[in-house]
Chemist: 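Before we start, here is the structure in question, set down as structure tokens.
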Amino acid sequence: MIIAVDGTLASGKGTVARGIAKAFGLAHLDTGALYRAVAVEVLKAGDDPRDHDAALMAAKTLDPSRIDEIAIRTAEAGAAASVVAAQPDVRSALFDLQRRFAEQEGGAVLDGRDIGTVVCPDADVKFYIDADPRIRAERRWRELTAKGESVQLEDIERQLAERDARDSSRETAPLMRAEDAVLLDTTHLSIDATLAEAVRMIQNKTGVAPRN
Ligand code: DC
């Protein structure tokens with residue numbers, strides 16, 4: 001079974017995807033982490049994320065087992081990830097890895113921006129998670145400040161709008177809802193309630209019962 005979870009920044013898609021994986025005993029891949037890791041490598045080397053050759057080299061040599069979970073979660077890494085992710089060659093270089101992950105025995109949940117449209121158009125169930133930009137900005141601000149980053153809510157809101165625009169307007173694999181994806185809006189729904197709804201929908205559609 002393959003489950004695709006796409007959505008906007010800080011919409012709760014990561015939490016929902018992890019929860020689905022746990023409920024059905026599936027492997028989980030956060031594909032945004034791959035783009036973030038590529039971006040961190042480029043920045044570490046002192047290169048510009050817009051530098052095609054530097055970004056492509058980092059994508060081709062990425063070892064997913066060695067991703068630094070702390071380094072990739074900063075606001076700077078997120079912004080640079082959105083820039084490297086707009087480059088078609090970078091996306092192609094990361095495609096096989098994502099596809100192999102999806103096809104593993106036992107099934108998988110992948111979350112990102114183009115899972116239901118490009119990486120796993122054949123997914124058994126597809127979700128598109130979204131929420132009002134203000135709510136998403138507040139969530140991201142809380143996450144970053146809880147980690148000790150000093151950031152202003154207004155800056156996060158502005159960056160979020162920029163990231164949404166760049167992710168949605170790029171030519172290759174833009175962020176968009178697959179025609180057959182179920183829209184879950186988390187503006188007024190808690191992430192737990194959203195997850196419960198997603199689990200119920202997967203069971204209805206596939207006939208597979210969650211483990212717990
Ligand atoms: O979900 P995230 O914030 O960790 O993603 C970081 C960036 O990576 C985001 O701006 C868009 C990009 N991304 C992408 O283009 N395709 C994916 N499947 C996942 C992430």
Side-chain angles (χ1 to χ4, degrees), residues 2-18 28-43 49-50 52 55-56 58-59 62 64 67-102 108-121 123 126-131 133 135-144 147 149 151 156-178 181 184 186 191:
I2 299 177
I3 309 293
V5 182
D6 289 302
T8 47
L9 181 79
S11 59
K13 65 183 184 318
T15 310
V16 170
R18 274 192 301 278
H28 168 240
L29 181 66
D30 166 5
T31 64
L34 305 178
Y35 292 95
R36 284 171 177 266
V38 168
V40 166
E41 284 309 312
V42 172
L43 295 173
R50 287 168 301 189
H52 169 266
L56 181 57
L62 178 72
I67 291 178
D68 179 343
E69 265 302 316
I70 307 281
I72 65 167
R73 296 296 161 201
T74 64
E76 188 193 15
S82 172
V83 174
V84 299
Q87 302 175 33
D89 285 348
V90 169
R91 305 197 72 81
S92 313
L94 296 177
F95 181 85
D96 287 349
L97 192 159
Q98 296 175 75
R99 195 57 228 178
R100 273 198 307 278
F101 190 94
V109 184
L110 286 83
D111 74 79
R113 301 291 192 288
D114 62 339
I115 306 304
T117 50
V118 177
V119 179
C120 303
K126 300 178 186 177
F127 295 103
Y128 186 87
I129 320 274
D130 202 0
I135 300 284
R136 292 190 283 122
E138 281 173 12
R139 282 184 194 148
R140 183 47 50 99
W141 177 81
R142 272 198 297 273
E143 259 173 46
L144 292 170
K147 283 193 308 185
E149 275 200 57
V151 283
I156 298 284
E157 255 190 303
R158 190 176 32 76
Q159 286 164 12
L160 193 123
E162 279 168 19
R163 292 265 301 276
D164 278 355
R166 188 159 46 221
D167 293 345
S168 308
S169 66
R170 67 177 177 229
E171 278 180 28
T172 310
L175 166 68
M176 64 176 181
R177 179 181 165 191
L184 294 175
T186 65
I191 304 295

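When a ligand or atom number is given, it counts from 1 through the structure's own listing order.
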Chemist: Is it the case that atom CZ in Arg158 sees more than 12 heavy atoms from other parts of the structure closer than 6.0 Å?
Modeler: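 Yes - once you tally the heavy atoms of other residues, nucleotides and ligands closer than 6.0 Å, there are more than 12.
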Chemist: Applying a heavy-atom distance cut-off of 4.0 Å, which protein residues contact ligand 1?
Modeler: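 Residue list for ligand 1: Leu9, Lys13, Thr31, Gly32, Tyr35, Arg36, Ala81, Ser82, Ala85, Arg91, Gly112, Arg113, Asp114, Arg163, Asp167, Arg170.
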Chemist: Glu171: which residues meet the side chain to side chain donor-acceptor pair (under 3.5 Å) condition with it, sequence neighbours left out?
Modeler: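 Partners of Glu171 under the side chain to side chain donor-acceptor pair (under 3.5 Å) test: none.
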Chemist: For Arg99, check salt bridge (Lys or Arg N to Asp or Glu O under 4.0 Å) against everything at least two apart and list the hits.
Modeler: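 Expected list: Glu103, Asp122.
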Chemist: Do Asp30 and Arg73 sit within salt-bridge range, that is, some charged N less than 4.0 Å from a carboxylate O?
Modeler: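 Salt bridge flag = yes for Arg73 with Asp30.
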Chemist: Is the shortest distance from a Lys or Arg side-chain nitrogen in Arg136 or Asp164 to a carboxylate oxygen in the other one below 4.0 Å?
Modeler: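 A salt bridge links Arg136 with Asp164.
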Chemist: Partners of Ala71 by side chain to side chain contact (heavy atoms under 4.5 Å, CB included), sequence neighbours excluded?
Modeler: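 With neighbours one apart ignored, the set is Val40, Asp68.
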